[in-house]
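Values below: every heavy atom of this structure, side chains too, minus hydrogens, waters and symmetry copies. All of these numbers come straight from a predicted model, not from anything done at the bench. The chains referred to below are lettered A, B, ... by the order of the sequence lines, with proteins before strands, and numbering in each begins at 1.
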Amino acid sequence: MIYQSRLLLPAVFVVLLVSATTVFAESPGYDLKFSLNSGYIGNLIKDSSSREESYTTPGASLNLYPFSVAQVNLIGEYTYYSKLYDLSNLLYGAGLKLVPTDDSSRISVYSSGNFKKRRYRQQDLEVSTTNTNSIDFDALLSVGYRLKPNLQLRTGISFIATDYSDGEIPDKSTYDLFVGGNMTIFKSNSLDLEAGYSTGEYRFAPSSKMIFGAMRFYGIPANSVYSVLETDDLKSFYFSPRISRPIGSRTGMNLTYAYRGFIDRNDSAIVYGYSTGVISPWVSSWEGQAISASIKTFIIPHLIVTLAAGYWDKEYFITLEQPYIRDNLLDPNSPLVPGPLSTNPIFLQSRHDYQRRVSLSFSIPLASRSGHVMEPSLAIDYTNNSSSIVVYDYTDFSITTSLSLRL
Amino acid sequence: MGETVGTPPPMFASRTQQNTCQLAPIMYLVVSDDTIAGMNAPAIGRGTSVNRLQNPIIVTAFLIILLACCGVSGHESEEAVQKPYVDLDGDGFNDNADDTDNDGIPDHFEKGLMVPRAAAATATAPRVDIFAALKQTSQVLTMDMAVSPLEHFALRQFACRAQSKCRSNFESEFTAGLGITAGSSGSHCVGGVCF
């Protein structure tokens with residue numbers, strides 16, 4: 001599927017562009033958005049190396065409405081990093097949404113497809129991983145049914161895929177089936193429950209090869225990095241209840257719990273960790289639970305303030321890692337960096353992370369009489385991640401400023 | 001360009017697992033060099049997650065929110081209550097509250113926009129207020145009034161706001177309404193890995 005999409009996606013993109021251009025000439029239905037994001041990231045790579053970085057991202061998106069049931073979306077943005085300049089990248093893509101049902105209908109049908117391509121200024125950088133250009137594709141088809149004004153049911157299927165331009169790196173695709181419901185009880189308490197099942201192929205290294213193979217003692221031989229991988233199905237389920245309600249007259253809150261578990265997990269499956277410099281799309285796959293809460297308030301006139309906190313308890317696959325060493329071996333205070341891949345020992349370890357995160361954001365939307373909206377915003381985010389593998393012990397503090405203009 | 005699920009459409013709006021299994025194998029394959037970090041990590045077994053959830057800070061925060069949830073009487077203004085309360089985007093506010101200027105703030109929280117719907121079309125400029133002066137005073141759009149494909153689509157999409165994505169990605173769910181984005185697409189990607 002992924003391999004077919006390599007040819008299919010660019011073709012779809014071209015068709016969308018051409019049709020969008022044609023339609024645009026016939027219909028005045030469009031809206032345009034410009035944005036400029038800039039900020040500071042205390043830990044760019046999200047690991048114990050704690051690389052600080054600042055970035056600027058100008059972007060634009062155009063929505064076209066050829067028919068009352070369709071929206072064609074074109075986006076483009078460029079992220080510029082000030083220190084790791086070669087990591088700067090261009091993201092562009094297109095999407096299509098179809099909503100054939102009327103808004104007053106009890107049944108609502110929604111479908112969408114998006115394609116995005118990310119191109120780095122330069123690949124194979126000396127960062128903790130090997131960057132490579134990639135294409136993301138997602139599609140979704142869902143149906144909703146309004147049983148009562150305050151009771152709605154929904155179900156749908158979605159497909160998400162990442163296709164790396166480097167043919168050696170395994171691509172990732174996931175199918176999701178989900179069902180959910182939302183009901184209002186006791187005046188203004190909203191209860192939302194969603195459950196889902198996911199499946200998709202994944203590539204892993206069997207522990208037998210790791211233990212008895214050539215890579216036992218030092219590094220991963222370059223010609224063995226991906227060739228030792230085996231393929232299996234990764235299946236999981238999740239459920240997530242959420243309650244939301246107003247608190248007082250100008251404040252709203254929600255509390256969300258989520259649990260995800262693998263089905264028939266292969267306990268001997270091993271994935272490449274971040275410190276090896278080898279890309280494994282499944283290094284971030286986890287099972288476990290999460291709880292988060294947020295409070296949104298309009299107490300200050302014209303200002304939207306949102307405070308959120310979350311806690312994650314994640315169990316990952318056994319991870320192959322390469323110990324970090326001091327950048328300057330003579331200086332114990334120098335930053336930790338991954339050691340040379342070919343000369344340093346590697347190790348396997350179960351990975352279990354506990355993450356805490358707090359965020360605070362402010363935005364001031366300014367709407368004009370003509371319908372245009374300008375919105376400056378500020379977001380502050382603090383993350384603390386503790387892991388059974390030191391590589392993933394980190395904290396991150398980031399500040400993001402944003403200015404968007406919707407025409 | 002990320003799109004917040006549940007935000008009224010442009011221009012209109014309105015309205016432990018106790019894993020009893022064995023500890024996962026921990027296999028150190030080398031090393032005795034002081035300069036190498038990463039090897040001193042304590043092994044945390046798969047069965048410890050329940051205990052860690054009892055972190056006092058987390059539990060306290062959870063209880064505070066729960067108490068707030070149960071003990072504080074939540075209510076919105078009369079105008080908002082007139083329409084059925086539905087909160088599909090989970091922000092704690094009625095999705096059906098009017099937001100004629102589509103700025104994300106319901107009209108009844110904004111001076112100058114607290115205009116009865118019937119009188120909205122003939123409303124005069126509000127009091128001197130730098131923010132309110134920017135506001136438009138158009139009527140809340142309905143499907144009967146929609147004329148362009150853009151307007152029709154916006155209303156249709158608003159009706160589907162709960163089904164435009166699934167919640168399988170727990171991290172993106174957390175950041176969805178916060179405006180925490182490294183790029184305007186809503187993701188932060190470094191070297192082929194997106195956070």
Report which part of [X] has an atom under 4.5 Å of a heavy atom belonging to chain B: side chain, backbone, both, or neither.
X        : answer
A/Asp192 : both
A/Thr251 : backbone
A/Val373 : side chain
A/Glu375 : neither

Interface residue of largest heavy-atom contact number with chain B, from [options], under 4.5 Å:
options                               : value
A/Asn150, A/Asp393, A/Asp176          : A/Asp176
A/Ser68, A/Ser112, A/Gly39            : A/Ser68
A/Gly156, A/Ser198, A/Ala70, A/Ser158 : A/Ala70

> Any salt bridge between A/Arg118 and A/Asp136, counting N to O under 4.0 Å?
Replying inline: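 Looking at A/Arg118 and A/Asp136, the cut-off is not met.
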>> With a 4.5 Å cut-off on side-chain heavy atoms, are B/Asp89 and B/Arg161 touching?
In response: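 The answer is no; the side chains never approach within 4.5 Å.
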>> Could you check whether A/Glu194 and A/Tyr238, counting side-chain N and O atoms only, form a donor-acceptor pair closer than 3.5 Å?
In response: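 Yes, A/Glu194 and A/Tyr238 have a side-chain donor paired with an acceptor closer than 3.5 Å.
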> Would you call the rings of B/Phe153 and A/Tyr65 parallel, tilted or perpendicular if under 30° counts as parallel and over 60° as perpendicular?
Replying inline: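 Aromatic pair B/Phe153/A/Tyr65 classed tilted.
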>> Could you report the tightest heavy-atom contact between A/Ser188 and A/Arg245, atom names first, then the distance?
In response: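 Reported closest heavy-atom pair: O-CB, 3.3 Å.
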> What are the two closest heavy atoms between B/Arg156 and A/Pro100, and how far apart are they?
Replying inline: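 The answer is NH1-O, 3.1 Å.
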